[in-house]
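Numbers restart at 1 for each chain; the letters A, B, ... are given by sequence-line order, proteins then strands.
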Protein chains: 2
Amino acid sequence: MKLTSKGRYAVMALVDLAKFNNFNPVSLRDISLRQGISLDYLEQIFSKLRKKEIVQSVRGTQGGYVLNKKAKEIKLTNIFDAVDEKVKTVQCKKDSKKGCNGKSTKCLTHNLWDELENHINNFFDEKSLEDLVKDNSERRI
Amino acid sequence: MKLTSKGRYAVMALVDLAKFNNFNPVSLRDISLRQGISLDYLEQIFSKLRKKEIVQSVRGTQGGYVLNKKAKEIKLTNIFDAVDEKVKTVQCKKDSKKGCNGKSTKCLTHNLWDELENHINNFFDEKSLEDLVKDNSERRI
DNA sequence: ATAAACCTGACTAAATTAGTCAAGTATCAT
DNA sequence: ATGATACTTGACTAATTTAGTCAGGTTTAT
């Protein structure tokens, strides 16, 4: 089980954006340079973030992205959801006879994975972008 | 982020083993049939579990595997560890200039992943095989 | 006009996963 | 003894996923 870098990059980029979000839109080029993430890859990621209305784009020269909500209101859940970073612990087939179909026949450990999934999602639900920015500014960078 | 089926199978198989562990060793063949897991794959998994002394093997006819510890003492952490199911949230390169080398320069979100990893590992540390068997016998199967 | 910056979709190399396959070795029951 | 059962090991492979790259746009401030 591991987090993919798409999810990690999305969070890193948004923390960066939140920090520099004061007046002007922040260009992906800047984020790319500061965070060492490929520009092309960032574009893919921000395209998804925009579709989920986490950021807004400003086109043209001096354009870039701005947060579409307050940092406090953007939870990790929202970010991961936007970039398809799924927390998926069980993969039970609907037509499986043995094992698990999720309903009548639960596999021996079905409850466990459900519980784990909740445990992780709780963590993501509570953590906001603001928390990360704060935690970050307390340390020197 | 997702759990691989090697980890899931390992847990399922051990719950099965724990339930039928009363007197005789339990053969992989039986587990394979009951849980619908390929025998060959189970063999790979049990080979690892044996090396980590979670189970003991009994060769020959009527052979099979038995738990090497009390179900209460086998935590999920031990199982996942044995089959290389890693909870890995951050992948920071040691030689990275930007981003993160884990020491002097931490990436903007390093603390977050550490925290998450702890959060998940706590869950695994607390959950024992006995818990799972109990939880399971409360439901009908 | 032109350059900065967003936007989109297609493509690909590398890694990982989820097994299969083959060829053993050990031990029990008869 | 010998056959059957079951563990043991290592190599192999197909499919999927990941982490990007690449190429070609469009929009807009200056």
Compare the minimum distances between each of D:dA19, C:dT20, C:dC7 and the side chain of A:Tyr65, then state the nucleotide with the smallest one.
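My answer, after comparing the listed nucleotides, is C:dC7.
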Considering only side-chain heavy atoms of B:Thr61, which listed nucleotide, C:dA5, D:dA4, C:dA10, is closest?
D:dA4
Kindly say if [X] contacts the phosphate of [N], meaning a side-chain N or O under 4.0 Å from OP1 or OP2.
X	N	result
B:Ser38	C:dA18	no
B:Ser27	D:dC7	no
B:Ser5	C:dT17	no
A:Tyr9	D:dT18	no
B:Tyr41	C:dC21	no

Side-chain donor/acceptor contact of B:Arg59 with base of D:dT8 under 3.5 Å
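Counting by modelled atom types and ignoring angles, no donor-acceptor contact under 3.5 Å is found here.
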State whether the distance check finds a donor on one side and an acceptor on the other, under 3.5 Å, for side chain A:Glu43 versus base C:dC7.
yes
Residue closer to the 5' end of DNA chain D, B:Ser57 versus A:Lys6 (nearest nucleotide):
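Nearest-nucleotide comparison on DNA chain D picks B:Ser57.
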Closest-nucleotide 5' rank along DNA chain D - winner of B:Gln44 and A:Gln44
B:Gln44
Take atom [atom1] of [X] and atom [atom2] of [N], then tell me their distance rounded to the nearest Å.
X	N	atom1	atom2	result
B:Asp84	C:dA15	CG	P	18 Å
A:Gln62	C:dA4	CD	P	10 Å
A:Leu17	C:dA5	CG	C1'	15 Å
A:Lys51	C:dG9	NZ	P	6 Å
A:Ile45	D:dA19	CD1	P	10 Å
A:Leu39	C:dA5	CG	P	10 Å
B:Ile37	C:dG19	CD1	P	9 Å
A:Leu42	C:dT8	CG	P	16 Å

Under the 3.5 angstrom rule, does the side chain of B:Thr77 hit a backbone N or O of B:Phe124 as a donor-acceptor pair?
yes
Look at A:Arg8 together with A:Glu85 and state whether they make a salt bridge at an N to O cut-off of under 4.0 Å.
no
Would B:Asp84 and B:Lys48 pass as an ion pair if we require N to O under 4.0 Å?
yes
Under 30°, 30 to 60°, or over 60°: which ring-plane class applies to B:His119 and A:His119, parallel, tilted or perpendicular?
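If you compare the ring of B:His119 with that of A:His119, the planes turn out parallel.
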Would you classify A:Phe46 as touching base, sugar-phosphate or nothing, given that sugar-phosphate means primed atoms plus P, OP1 and OP2, and contacts are heavy atoms under 4.0 Å?
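It contacts nothing in the nucleic acid.
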Return all side-chain donor-acceptor pairs below 3.5 angstrom for residues 55-68 of chain B, not counting sequence neighbours, or 'none' if the list is empty.
unit_1  : atom_1 : unit_2  : atom_2 : d
B:Asn68 : ND2    : B:Glu53 : O      : 3.0

Identify, between A:Ser47 and B:Gly60, the residue whose nearest nucleotide on DNA chain C lies closer to the 5' end.
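Result of the comparison: A:Ser47.
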If you measure only the distance, is there a donor-acceptor pair under 3.5 Å linking the side chains of B:Glu73 and B:Ser128?
no
